[in-house]
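Every heavy atom of this structure was used, including side-chain atoms; hydrogens, water molecules and symmetry mates were not. Not measured: the values here are computed from a predicted model. Numbers restart at 1 for each chain; the letters A, B, ... are given by sequence-line order, proteins then strands.
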Amino acid sequence: MAIKGPKGTHDIIFNDINKWHTIESKLTDLMEVYDYQEIRTPIFESTELFLRGVGDTTDIVDKEMYTFQDKGDRSITLRPEGTASVARAFIEHSGFNEVLPSKFYYIGPMFRYSRPQTGRFRQFHQFGVEVIGSINPYLDGEVLEMMMKIFTSLGIKNLNLEINSVGCPKCRPLHKEILKDYLKLYFNELCPTCQGRYEKNPLRIFDCKNTKCQEIINNGPYITDNLCNECNEHFEEVKKYLAMSKVEYVLNKKMVRGLDYYTKTAFEITAGREGAQSSIGGGGRYDGLIEELGGPSLPGIGFAIGLERVVLTMEEQSLFDNLIRIRKKVYVANVSEDNIDAAVKLVQNLRNLGIVAIYDIMTRKLKGQFKYANKINADYVITIGDDEVKNNVYQLKNMNTGEQIVCSYDELIKNLGGE
RNA sequence: GUGGGUGUAGUUCAGUGGUAGAGCGCUAGUUUGUGGUACUAGUUGUCGUGGGUUCGAGUCCCAUCAUCCACCCCA
């Protein structure tokens, strides 16, 4: 039995890789425009980083981490998300002594041990952005606007941005008490999961799908009603920026995100997929994280986009159909084996001019070579035979129009767009 | 972690307990130096794996593994 890839992993192979390249190049282009720098951190870290950074009441840490002991008996974890690593690297390299804010983006694999299903893998890929060092609410707005621009520039439709404010260490504890006082009255009616959440993280009850729990929580106090002045003003400014930038959003007072480090602005974005795994990105502000991880008290904000879900959404919306290949492909065919060396030489010359060129390495007959050229979507086929070699001319066929001309080397290069 | 579906060719899938199949793809051919269409031929199978029932199992039963879908959670 042949060995298969581990559960929850997938290969990006054959034509699929073009989809990823398309997305990645769009992303890196945009990041340049916004003047963000790429950061590459290791894909494994000390387990402790995630325990402290992501939070040990989260499901991610609780049950989804790939953790193991290495040969030096260190506890290692494959990163389940990117923010903690970026924060760690920022602190470790004293980013706070450099010009602020630090603006990073990253792209790479993440690992979570969960049951795979549509749009969910154990090794999956995220693109993410982190900005450290500014508390300005306009930054929240800019980051949101940028995230939306990523999706719209890829052509993705039916986007739905939801935002909320989850408060800060000043107002959230107070709100939690108010919420708990309210929930106490209905405690016995909550589902078992939510009864457990009551002590550990009552805000998460908002996420419950149970209709009874929803009924109870819908009539309860919302965090946005109990924000401190600072958080409230901040949130108002964020919304002002979004209105100014014509970024459409829905205020979702019930949204509470699954990671402990979020403060103030939190957001999530979906793209019209029905039900399961419709979320293609999310993020928020994390003003306490840098300090929590041993750095100075600096605010931060970021988001992550699930690339598998972007690919899935783009496939569903048929957005890969009209990908335009900018570089033309030239196939150099030989009439017989005697002409192969001439074909090779031509291919080498074309390549030196930056023209994409290939020739037959399967010793196919001429007809077979044309079939092959057609299959690989060659734009041109140049045929080399004894006549052409003798007369120093080239048969150039445009595979899209079917037109074929005889030309000199200079004309050939000119036709192929070379210098 | 919970629940459901499916495992047969590269792929998508037929296959009533009795000789292993089709479409697509791929490879080659259809006499002369030219693709897409058409036609012809070929295409590698421990029918996921291990047990059981049976004269006989791709088919029925059990187990196991894999995979897909949904829940949970998230991207």
Side-chain angles (χ1 to χ4, degrees), chain A residues 1-10 13-14 54 57-65 80-83 107-128 147 191-194 196-197 201 204 207-210 255-259 267-271 273-283 302-313 331 333-336 338-339 362-389 395-404 406:
Chain A
M1 182 77 92
I3 297 169
K4 290 198 264 189
K7 191 187 188 80
T9 64
H10 69 294
I13 190 173
F14 302 132
V54 178
T57 67
T58 61
D59 280 29
I60 290 177
V61 169
D62 207 35
K63 56 184 194 186
E64 294 183 353
M65 293 213 299
E81 56 102 54
T83 306
I107 185 163
M110 304 293 163
F111 305 84
R112 290 183 202 173
Y113 192 90
S114 56
R115 283 274 277 270
Q117 66 186 78
T118 310
R120 188 166 70 198
F121 300 88
R122 288 183 171 178
Q123 175 173 339
F124 60 104
H125 298 79
Q126 284 189 336
F127 167 85
M147 183 172 74
C191 73
T193 319
C194 286
R197 283 167 170 160
N201 196 350
R204 288 292 301 285
D207 276 340
C208 190
K209 304 285 192 297
N210 183 298
M255 183 177 61
V256 289
R257 307 225 62 230
L259 285 76
F267 50 91
E268 196 168 323
I269 185 157
T270 57
R273 290 172 48 68
E274 285 297 315
Q277 267 68 54
S278 59
S279 168
I280 58 175
F303 67 78
I305 291 173
L307 295 180
E308 274 80 2
R309 291 183 188 178
V310 169
V311 170
L312 199 63
T313 304
Y331 183 90
N334 61 77
V335 173
S336 77
D338 297 339
N339 311 119
M362 294 293 284
T363 54
R364 290 183 164 98
K365 290 191 197 170
L366 187 60
K367 194 186 187 87
Q369 293 179 55
F370 266 84
K371 280 192 178 181
Y372 175 77
N374 191 58
K375 260 172 205 148
I376 63 166
N377 288 314
D379 296 284
Y380 296 100
V381 173
I382 299 167
T383 308
I384 305 271
D386 290 343
D387 297 347
E388 287 78 13
V389 172
Q395 298 277 351
L396 175 65
K397 180 164 189 172
N398 181 323
M399 294 296 276
N400 300 315
T401 64
E403 250 178 291
Q404 181 162 305
V406 185

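Taking atom P in both B:rU67 and B:rU12, the straight-line distance is 15 Å, to the nearest Å. For the P atoms, the distance linking B:rC74 with B:rG5 amounts to 28 Å, nearest Å. For the P atom pair drawn from B:rG29 and B:rU34, the interatomic distance equals 12 Å after rounding to whole Å. Nucleotides B:rU49 and B:rG58 have their P atoms positioned 11 Å apart, rounded to a whole Å. Annotation: B:rA66 and B:rU8 have their C1' atoms spaced 15 Å apart (nearest Å). Nucleotides B:rC47 and B:rG10, compared at atom P, are 13 Å apart to the nearest Å. One P atom belongs to B:rG17, the other to B:rA57, and the distance between them is 14 Å to the nearest Å. Here the separation of B:rG1 from B:rG45, taken at their P atoms, is 36 Å to the nearest Å.
Note that CZ of A:Phe127 is 8.5 Å distant from CG of A:Leu307, once rounded to the nearest 0.5 Å.
Between the side chain of A:Arg120 and the backbone N or O of A:Arg115, at least one donor-acceptor pair lies under 3.5 Å. Judged purely by atom type and a 3.5 angstrom limit, A:Arg122 has no side-chain atom pairing as donor or acceptor with the backbone of A:Phe111. With hydrogens and angles disregarded, no donor-acceptor distance shorter than 3.5 Å links the side chain of A:Glu403 to the backbone of A:Asn398. The closest donor-acceptor contact from the side chain of A:Arg112 to the backbone of A:Ile60 lies at 3.5 Å or more, if one exists at all.
For the OP1/OP2 pair of B:rC74 and a distance below 4.0 Å, the side-chain nitrogens and oxygens of A:Ser114 include no atom meeting the criterion. A:Ser279 has no side-chain polar atom (N or O) that falls below the 4.0 Å cut-off from OP1 or OP2 of B:rA75.
Between the side chains of A:Glu81 and A:Gln126, no donor-acceptor pair of N or O atoms lies under 3.5 Å.
When heavy atoms are screened at a 4.0 angstrom cut-off, A:Arg120 is found touching base atoms of the nucleic acid. A:Arg257 comes within 4.0 angstrom of sugar-phosphate atoms only, judged by non-hydrogen atoms across all strands, and of no base. Among the heavy atoms of the strands lying under 4.0 Å from A:Gln404 is at least one base atom, whether or not backbone atoms are also near. Residue-level contact check: A:Gly402 touches the bases, meaning some heavy atom is under 4.0 Å from a base atom. The residue A:Glu268 sits apart from the nucleic acid: no heavy atom pair falls under 4.0 Å. At a threshold of 4.0 angstrom between heavy atoms, the contacts of A:Tyr372 with the nucleic acid are absent.
When rounded to the nearest whole Å, the span between CG of A:Leu312 and C1' of B:rC74 equals 15 Å. A:Ile305 has its CD1 atom 12 Å from the P atom of B:rA75, to the nearest Å. Across the protein-nucleic acid pair, A:Ile13 atom CD1 and B:rG10 atom C1' stand 12 Å apart, rounded to whole Å. The distance between atom CZ of A:Phe267 and atom C1' of B:rA75, rounded to the nearest whole Å, is 13 Å. Between the CZ atom of A:Arg112 and the P atom of B:rA75 there is a distance of 5 Å, rounded to whole Å. For A:Lys375 and B:rG10, the NZ to P distance is 19 Å, given to the nearest whole Å. Residue A:Glu308 contributes atom CD, which lies 13 Å from atom P of B:rC68 at whole-angstrom precision. Computed from coordinates, the A:Tyr380 OH to B:rG36 P distance equals 20 Å when rounded to whole Å.
Distances were taken from every side-chain heavy atom of A:Arg115 (C-beta onward) to each of B:rU2, B:rA75, B:rA28; the shortest belongs to B:rU2. Among the nucleotides B:rC73, B:rU34, B:rA70, the one closest to the side chain of A:Arg197 is B:rC73. Residue A:Gln117 has its side chain nearest to B:rA70 when only B:rA70, B:rG36, B:rA75 are considered. With B:rG29, B:rU27, B:rC73 as the choices, the nucleotide that has an atom nearest any side-chain atom of A:Lys371 turns out to be B:rG29. Comparing atom distances between the A:Arg204 side chain and each of B:rA75, B:rC73, B:rG33 picks out B:rC73 as nearest. Closest to the side chain of A:Lys4, out of B:rU30, B:rG3, B:rA66, is B:rA66. Closest approach to the A:Phe124 side chain among B:rC72, B:rG29, B:rA75 is made by B:rA75 (side chain taken as heavy atoms from C-beta onward). Proximity note for A:Val335 (side chain, C-beta onward) versus B:rG33, B:rA28, B:rC69: the nearest is B:rG33.
Across all strands shown, the partner of B:rA63 is B:rU49, judged by Watson-Crick or G-U wobble contacts whose two distances both fall under 3.5 Å. Using Watson-Crick or G-U wobble geometry with both donor-acceptor distances under 3.5 Å, B:rG25 finds its partner in B:rU43. With a cut-off of 3.5 Å on both Watson-Crick or G-U wobble distances, the partner of B:rG1 is given as B:rC71.
Between the side chain of A:Lys367 and the base of B:rG33, no donor-acceptor pair of N or O atoms lies under 3.5 Å. Judged by distance alone, with hydrogens and angles left aside, A:Glu388 brings a side-chain donor or acceptor within reach of the base of B:rG33, the pair sitting under 3.5 Å.
Classified by interplanar angle (parallel below 30°, tilted 30° to 60°, perpendicular above 60°), the ring pair A:His125/A:His10 is perpendicular.
Toward the 5′ end of RNA chain B lies the nearest nucleotide of A:Lys7, the other residue of the pair A:Ile60 and A:Lys7 mapping further downstream.
The side-chain hydrogen bond (donor to acceptor under 3.5 Å, both in side chains) test with A:Asn339 singles out one residue from A:Asp386, A:Asp387, A:Asn334, A:Thr383, and that residue is A:Asp386.
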